[in-house]
> 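Can you read through this structure? Questions will come right after.
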Amino acid sequence: MRQKLKGVWKLLFGRTTIFAVLILAQAVLLFGGFAIIDKNILIINQIVGIVAVIILLYLLNTNMNSSFKLMWIILIFATPLIGVPFYIFTKLQPGTRFITKRISDIIQEQDRYLVPEENVTRELMTEGAKEYGIFKYIYEEGHYPTYDNCGVKYFPLGEDKFREMIYQLEKAEKFIFLEYFIVERGEMWNTVLEILKRKSREGVEVRFMYDGTCMMSLLPRKYPKIIESYGIKCKVFSPMKPFLTTHQNNRDHRKILVIDGHTAFTGGINLADEYINKKERFGHWKDTAIMVKGEAVDSFTLMFLQMWNIDNPKGEFYGKYVRQMKNYPMDDNVRQGGYIAPYGDSPLDNEEVGKKVYLDILNRADDYVHIMTPYLILDEEMVNALVFSAQRGIDVKIILPHIPDKKYAYYLARTYYEQLISGGVKIYEYTPGFVHAKVFTSDDEKAVVGTINLDFRSLFLHFECGTYIWKNAVIGEIEHDFNETLKLCNRISLKDCRNYNPISKICGMALRLVAPLM
């Protein structure tokens with residue numbers, strides 16, 4: 001009984017509840033004023049109507065994703081007294097404009113450290129003129145070059161990555177940078193933290209950054225001060241505050257670990273026990289990651305420093321952390337050869353790097369495209385690309401969770417199944433539990449491993465990162481893992497789609513209205 005009362009108390013008076021109540025109160029103050037203005041309601045309606053027409057004309061002619069346009073048009077048409085002020089409010093956010101300008105400045109500062117090697121460019125143009133195009137795009141629009149002679153190791157489970165991560169952290173001599181979306185105290189994070197504390201005492205520079213959503217329930221609000229007491233530099237990206245702002249919608253979803261400028265990790269795995277199956281939440285947790293060795297680590301180093309310095313107008317000397325070695329140490333267990341291009345994706349630069357890399361793989365595949373993703377919330381362009389690839393004979397397979405972490409996302413994902421399956425795409429659900437991997441493989445020669453889901457938040461709203469790999473032997477290991485995972489999956493048929501619970505189907509269809517926010 002006491003435990004139940006404690007749970008109710010925590011629900012009613014916890015940080016998340018208080019935060020939500022304060023946000024709701026501001027929303028009521030922002031929009032509720034219209035409901036109590038009776039005397040001038042006709043004039044207000046006329047003014048709002050005129051402004052609504054102007055906004056709609058602007059939306060129809062602006063360079064915005066069609067799904068976002070449709071959402072705004074429906075909101076403004078259905079409830080103009082709410083939709084119009086809300087749209088104006090989102091466009092007049094000074095915080096978002098400041099971050100956009102700051103990131104642009106940092107990228108310009110970092111560009112001189114991320115210049116493609118001329119010999120790599122020549123080799124790419126010789127070995128694959130068609131492939132050169134995507135590497136050229138990642139550099140010119142994403143500001144990240146392509147590297148050769150680097151090593152890559154793939155981890156098919158969080159437990160595998162964790163073991164290697166501990167081994168590599170123990171060898172750190174100069175600096176350690178960590179940037180994670182989710183951090184929760186437990187066996188995984190406590191083990192890492194003990195190493196970081198010891199390394200800091202040994203004189204290694206340690207920087208730790210996590211996303212502000214962790215402040216809601218996972219970590220204490222004063223946790224950065226606790227971390228700094230150990231001699232570790234700590235920052236929270238965009239701390240959650242009980243104020244209505246749009247820049248709080250753009251989260252840092254990256255997972256990056258950089259060690260001494262020669263070793264980097266990325267993938268779907270955060271710093272919490274469910275990611276290494278030490279805590280069961282949604283059945284068996286299937287996740288993946290890679291370790292990169294060599295010059296390509298420079299890109300991860302500068303990705304980290306980009307986010308770290310958003311609130312630091314003075315910046316810092318980036319050359320201290322990149323291009324420090326001529327001969328990068330290579331472990332025996334990494335796969336060398338081919339080309340890799342680590343890249344970041346920002347929601348504030350009007351360039352959808354993560355989405356376009358995925359589209360390029362789908363549009364240029366000759367044999368197959370195999371995908372693992374935890375969510376499936378797609379715009380029309382991505383749906384068409386998946387279906388068209390299947391229609392032209394490409395084997396398109398997608399592995400999704402059978403046990404979801406978010407019911408609403410699961411119901412929404414299933415609304416796409418019938419259209420995709422009818423178009424020839426093969427959909428599978430991982431029956432042992434939850435898939436959190438973000439992986440594309442194609443034609444035994446290219447792959448992407450990173451943090452980018454097939455949903456609106458990853459493709460349009462979050463800060464993300466990925467690694468494009470071409471002609472490296474690790475691709476065979478990634479594809480092997482996909483096929484082994486497939487053995488544990490159930491293929492979804494059209495009959496399955498039509499037999500889903502009617503209520504869940506209706507909920508999913510209703511959620512399509514706000515899909516661009518999910």
Side-chain angles (χ1 to χ4, degrees), residues 102-103 106-107 109-110 112-114 144 161-162 164-181 183 185 188-212 214 219 222-239 252 254-266 269-271 289 291-331 342 344 463 465:
R102 182 71 190 119
I103 289 176
I106 292 173
I107 288 172
E109 294 169 19
Q110 292 181 347
R112 60 184 171 136
Y113 300 107
L114 293 174
Y144 294 97
K161 184 245 186 172
F162 182 47
E164 185 71 35
M165 177 182 178
I166 295 303
Y167 173 72
Q168 296 294 338
L169 282 170
E170 291 285 7
K171 298 196 298 181
E173 297 177 350
K174 296 180 179 179
F175 66 86
I176 300 170
F177 296 161
L178 302 98
E179 176 184 350
Y180 282 86
F181 179 57
V183 181
R185 288 169 293 186
M188 185 181 192
W189 171 235
N190 292 346
T191 302
V192 171
L193 182 57
E194 287 304 312
I195 297 173
L196 299 181
K197 289 157 67 173
R198 176 160 37 83
K199 286 296 177 180
S200 178
R201 291 193 299 268
E202 294 171 1
V204 175
E205 180 186 357
V206 182
R207 303 192 196 188
F208 169 52
M209 179 167 58
Y210 59 91
D211 186 74
C214 292
L219 296 173
K222 295 182 179 180
Y223 199 59
K225 290 185 178 180
I226 298 173
I227 295 297
E228 287 169 353
S229 71
Y230 305 137
I232 298 168
K233 298 177 182 178
C234 183
K235 282 190 177 184
V236 179
F237 175 82
S238 189
D252 181 4
R254 298 173 180 177
K255 295 94 179 165
I256 295 173
L257 167 62
V258 180
I259 301 169
D260 290 349
H262 58 63
T263 301
F265 291 82
T266 193
I269 300 159
N270 283 295
L271 299 174
M291 177 178 70
V292 176
K293 290 272 189 175
E295 286 183 275
V297 175
D298 283 354
S299 289
F300 287 111
T301 304
L302 292 176
M303 268 185 241
F304 172 89
L305 291 172
Q306 177 190 112
M307 303 301 284
W308 183 271
N309 285 295
I310 280 178
D311 62 350
N312 180 15
K314 295 181 180 180
E316 61 182 288
F317 177 57
Y318 300 112
K320 177 182 177 182
Y321 301 101
V322 297
R323 298 187 177 180
Q324 294 296 302
M325 303 179 184
K326 290 185 178 179
N327 298 310
Y328 289 82
M330 288 290 175
D331 292 10
F463 292 91
C465 66

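Here the structure is a predicted model, which is why all the values come from computation and not from measurement.
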> Measure the spacing between CG of D211 and NZ of K235 and express it to the nearest 0.5 Å.
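Here the rounded value is 14.5 Å.
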> Please give me the minimum heavy-atom distance between L302 and V322, naming the atom from each residue.
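Residues L302 and V322, closest heavy atoms: CG-CG1, 3.9 Å.
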> Between K161 and E164, is the closest basic N to carboxylate O distance under 4.0 Å?
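Looking at K161 together with E164, the answer is no, because their closest N to O distance does not fall below 4.0 Å.
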> I'd like to know if the side chain of T263 pairs up with that of K293 as donor and acceptor (distance under 3.5 Å, no hydrogens or angles considered).
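A donor-acceptor contact under 3.5 Å links the two side chains.
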> Test side-chain contact (heavy atoms from CB on, under 4.5 Å) on D260 and K174; report intermediate values, then the result.
CA-CA 5 Å; D260 290 349; K174 296 180 179 179; 3.4 Å; yes
> Show the nearest heavy-atom pair for residues Y210 and P224, with the distance to one decimal.
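It is OH-CD, 3.3 Å.
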> Going through the distances and angles, do L193 and I232 end up as a side-chain contact (heavy atoms from CB on, under 4.5 Å)?
CA-CA 10 Å; L193 182 57; I232 298 168; 4.1 Å; yes
> Identify the heavy atoms of F162 and M188 that sit nearest to each other, and give their distance.
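Distance-wise, the nearest heavy atoms are CE1-CG, 3.7 Å.
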> Tell me the closest heavy-atom pair linking I259 and A172, and the distance in Å.
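So the two residues come closest at CG2-CB, 3.7 Å.
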> I want to check something: taking the side chain as every heavy atom from C-beta on, are L169 and K199 in contact at a cut-off of under 4.5 Å?
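A side-chain contact is absent here, since even the closest heavy-atom pair is not under 4.5 Å.
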> For residues 202-209, which side-chain donor-acceptor pairs fall under 3.5 Å, sequence neighbours excluded?
| residue | atom | partner | partner atom | Å |
| --- | --- | --- | --- | --- |
| E205 | OE1 | Y321 | OH | 2.9 |
| E205 | OE2 | R207 | NE | 2.8 |
| E205 | OE2 | R207 | NH2 | 3.0 |
| E205 | OE2 | K233 | NZ | 3.3 |
| E205 | OE2 | Y321 | OH | 3.0 |
| R207 | NH1 | E316 | OE2 | 3.0 |
| R207 | NH2 | E316 | OE1 | 2.9 |
| R207 | NH2 | Y321 | OH | 2.9 |

> Mind checking side chain to side chain donor-acceptor pair (under 3.5 Å) for Y223 and listing every partner two or more places apart, or none if nothing turns up?
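Listed in chain order: W189.
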> When you compare the side chain of Y318 with that of I106, does any pair of heavy atoms fall below 4.5 Å?
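The answer is yes; the side chains approach within 4.5 Å.
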> List the residues meeting side chain to side chain donor-acceptor pair (under 3.5 Å) with R198, not counting sequence neighbours, and say none if there are none.
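Counting only residues at least two positions away or on another chain, R198 forms a side chain to side chain donor-acceptor pair (under 3.5 Å) with E170.
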> I'd like to know whether I176 forms a side-chain contact (heavy atoms from CB on, under 4.5 Å) with L257, so could you lay out the CA-CA distance, the side-chain angles of the two residues, the decisive distance to 0.1 Å, and finally the verdict.
CA-CA 7 Å; I176 300 170; L257 167 62; 3.8 Å; yes
> What's the shortest heavy-atom distance between L219 and V183, and which atoms?
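Answer, listing the atom of L219 first, then V183: CG-O, 3.6 Å.
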> Taking side chain to side chain donor-acceptor pair (under 3.5 Å) as the test, write out the residues that go with E173, two or more places apart.
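Scan of E173 (side chain to side chain donor-acceptor pair (under 3.5 Å), adjacent residues dropped) gives none.
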> Quick check: do L271 and M165 have side-chain heavy atoms less than 4.5 Å from each other?
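In contact.
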> Using side-chain contact (heavy atoms from CB on, under 4.5 Å), reason through F265 and Q168 one step at a time and then give a plain yes or no.
CA-CA 10 Å; F265 291 82; Q168 296 294 338; 3.8 Å; yes
> Can you list the residues that meet the side-chain contact (heavy atoms from CB on, under 4.5 Å) rule with A296, with sequence neighbours excluded?
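With neighbours one apart ignored, the set is Y147, C150, V292, I340, P342.
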> Mind checking whether F463 and F237 have side chains closer than 4.5 Å, heavy atoms only?
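They are in side-chain contact.
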> Kindly indicate whether the side chain of Y113, heavy atoms from C-beta on, has any atom under 4.5 Å from the side chain of L305.
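Not in contact.
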> What I'd like to find out is whether the side chain of D311 reaches to under 4.5 Å of the side chain of R102, using heavy atoms alone.
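Not in contact.
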> Calculate, to the nearest 0.5 Å, the distance between atoms CZ and OG belonging to F304 and S299 respectively.
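The CZ atom of F304 sits 15.5 Å away from the OG atom of S299.
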> If you look at every heavy atom in C465 and I256, which pair is closest and at what distance?
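Shortest heavy-atom contact: SG-CG1, 3.9 Å.
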> To the nearest 0.5 angstrom, please state how far the CE atom of M303 sits from the CD atom of Q110.
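With rounding to 0.5 Å, CE (M303) is 10.0 Å from CD (Q110).
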> Run the side chain to side chain donor-acceptor pair (under 3.5 Å) test against N270 and tell me which residues pass, sequence neighbours left out.
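Listed in chain order: Y275.
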